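Notes follow the structure.
Quick caveat: nothing in here was measured; it's all calculated off a predicted structure. In what follows, chains carry the letters A, B, and so on, assigned in the order in which the sequence lines appear, proteins first and then strands, with residues in each chain numbered from 1.
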2 protein chains.
Amino acid sequence: MTCMQNPRSTKQRRAIMEVFDRQKSHLAAEEVYQLVRNQLPKISLGTVYRNLEALSQQGDLQKTMFPDGKARYEGTKDEHHHHIVCIGCSNIMDISICPLKPEVKELLNTEDFEAVYHRFEVYGYCKDCREKEKALKEKG
Amino acid sequence: MTCMQNPRSTKQRRAIMEVFDRQKSHLAAEEVYQLVRNQLPKISLGTVYRNLEALSQQGDLQKTMFPDGKARYEGTKDEHHHHIVCIGCSNIMDISICPLKPEVKELLNTEDFEAVYHRFEVYGYCKDCREKEKALKEKG
DNA sequence: ATCATTGCAAATCTTTTGCACACCA
DNA sequence: TGGTGTGCAAAAGATTTGCAATGAT
């Protein structure tokens, strides 16, 4: 929430950002932690959280909540895209199509609301989860 | 995740559902708890969570995660709509327009993915938060 | 030198769960 | 009666925070 006045470039912050520059996407904090530990084995989970927050604040990352209750982060330099999310296994896939209609765009910025970004997601079941469900029904 | 075989109608479950039938929308568990306590002062927060989960499973409620890290629930009988969410104060407003384009709809159901519902949200700053921000900059 | 950042651990917050008892069908 | 639901309290999981030490500018 609070913005720092002179953010500094530390090896931790750089290493975290590098993870996202390597094409990685929608990563949870714990996943970032594990990946960064390859470079910096002594980094702490708290530092990862603090940097994910800082990087989101300064616009380098985009933080989003997912139905499993975990926040995930993506690099804002990534191509604009949306998500297909499996309700069963929380797997997230990208879709490149944006559904914004012109008449919706007009509504986004008004004097009462300053739009910053939008989010579109389709929830459902992936192939794996549907097959598991089917197998379950046949047994039970 | 697991479905009960014979869900029963209890006064607690009915009271929770009544809250949503009274036009209430995007309520967090704690808010539901406070509202239901007017009717049933002895209900427990755990029971609220269990029923919100059960009602979501059986399709009476729609559970959604919001950026403040809390799940919110809405009645599925509500008119189809989407949300405008303030990044500053987490206030949620409804918009009735759905941005789905025909070509997107075609993509939602494939042999690899069974779409159940979708979600569209615009994030930004509401009037109040913009004014607070402006006041802060002028002072600092 | 100054002040942001770090590591560690403790604390917070939301949500889940174990258990004994109560209740609906 | 049998299994589902409840209240309570403890547990779990994600995220935040206090603090003294470290590091960037």
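- Rounding to whole angstrom units, CG of residue A/Leu52 and C1' of C/dT6 are separated by 15 Å.
- Between the CZ atom of B/Phe66 and the C1' atom of D/dT15 there is a distance of 20 Å, given to the nearest Å.
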>> Show, in sequence, the C-alpha distance, side-chain angles and deciding distance for B/Arg119 and B/Glu121, and conclude whether the salt bridge (charged side-chain N to carboxylate O under 4.0 Å, His left out) test is met.
In response: CA-CA 7 Å; B/Arg119 171 180 180 180; B/Glu121 270 145 30; 2.7 Å; yes
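- B/Phe120 is connected to B/Met93 through a chain of hydrophobic side-chain contacts under 4.5 Å among Ile, Leu, Val, Met, Phe, Trp and Tyr, so both are in one cluster.
- Contact between the side-chain N/O atoms of A/Gln12 and the OP1/OP2 oxygens of D/dG23 is not found at any separation under 4.0 Å.
- Inter-axis angle, ends of the helix from C/dA1-D/dT25 to C/dA25-D/dT1, five pairs per end, rounded to 10 degrees: 40°.
- The CD-C1' distance, from B/Glu31 to C/dT15, rounds to 15 Å in whole Å.
- B/Glu30 comes within 4.0 angstrom of no nucleic acid atom, judged by non-hydrogen atoms across all strands.
- At whole-Å resolution of the value, NZ in A/Lys70 and C1' in C/dC13 are 17 Å apart.
- Rounded to whole Å, the distance from CD on B/Gln34 to P on C/dT14 is 12 Å.
- Through direct or relayed side-chain contacts under 4.5 Å between Ile, Leu, Val, Met, Phe, Trp and Tyr, B/Leu27 connects to B/Ile16, B/Met17, B/Val19, B/Phe20, B/Val32, B/Tyr33, B/Leu35, B/Val36, B/Leu40, B/Ile43, B/Leu45, B/Val48, B/Tyr49, B/Leu52, B/Leu55, B/Leu61, B/Tyr73.
- Rounded to an integer number of Å, the gap from A/Asp68 CG to D/dG13 P is 13 Å.
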> Yes or no on ring pair (Phe, Tyr, Trp, His ring centres under 6.0 Å) for B/His26 and B/His81, after CA distance, side-chain angles and deciding distance?
Replying inline: CA-CA 12 Å; B/His26 31 74; B/His81 65 274; 7.1 Å; no
At a cut-off of 3.5 Å, list every protein nitrogen or oxygen paired with a nitrogen or oxygen from nucleotides 23-25 of chain C, distance to 0.1 Å.
from, atom 1, to, atom 2, distance (Å)
C/dC24, O2, B/Arg8, NH1, 2.9

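- Every side chain to side chain donor-acceptor pair (under 3.5 Å) that A/Gln62 has, sequence neighbours left out, goes to A/Tyr117.
- The distance from atom OH of B/Tyr33 to atom P of C/dC13 is 16 Å, rounded to the nearest whole Å.
- For B/Cys86 against B/Cys129, the heavy-atom pair with the smallest separation is SG-SG, 3.6 Å.
- The salt bridge (Lys or Arg N to Asp or Glu O under 4.0 Å) analysis of residues 22-38 of chain A, with sequence neighbours excluded, yields the pairs A/Glu18-A/Arg22.
- Using a 4.5 Å heavy-atom cutoff, the side chains of A/Glu74 and A/His83 are in contact.
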Please list each protein N or O that sits under 3.5 Å from an N or O in nucleotides 16-21 of chain C, with the distance.
from, atom 1, to, atom 2, distance (Å)
C/dG18, O6, B/Arg50, NH1, 3.2

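- The phosphate of C/dT5 (OP1 or OP2) has no side-chain N or O of A/Asn6 nearer than 4.0 angstrom.
- When all heavy atoms of B/Lys70 and B/Ala28 are compared, the pair lying nearest together is CD-CB, 4.2 Å.
- Here the side chain of B/Thr76 pairs a donor or acceptor atom with the backbone of B/Gly59 at under 3.5 angstrom.
- Distance CG (A/Leu55) to P (C/dT5): 10 Å, rounded to an integer number of Å.
- In summary, B/Lys77 and B/Asp21 engage in a salt bridge, as defined by a charged side-chain N under 4.0 Å from a carboxylate O.
- For the pair A/Cys126/B/Glu114, no side-chain contact is recorded, criterion being any heavy-atom separation below 4.5 Å from C-beta on.
- Residue-level contact check: A/Ala28 touches neither bases nor backbone, having no heavy atom under 4.0 Å from any strand.
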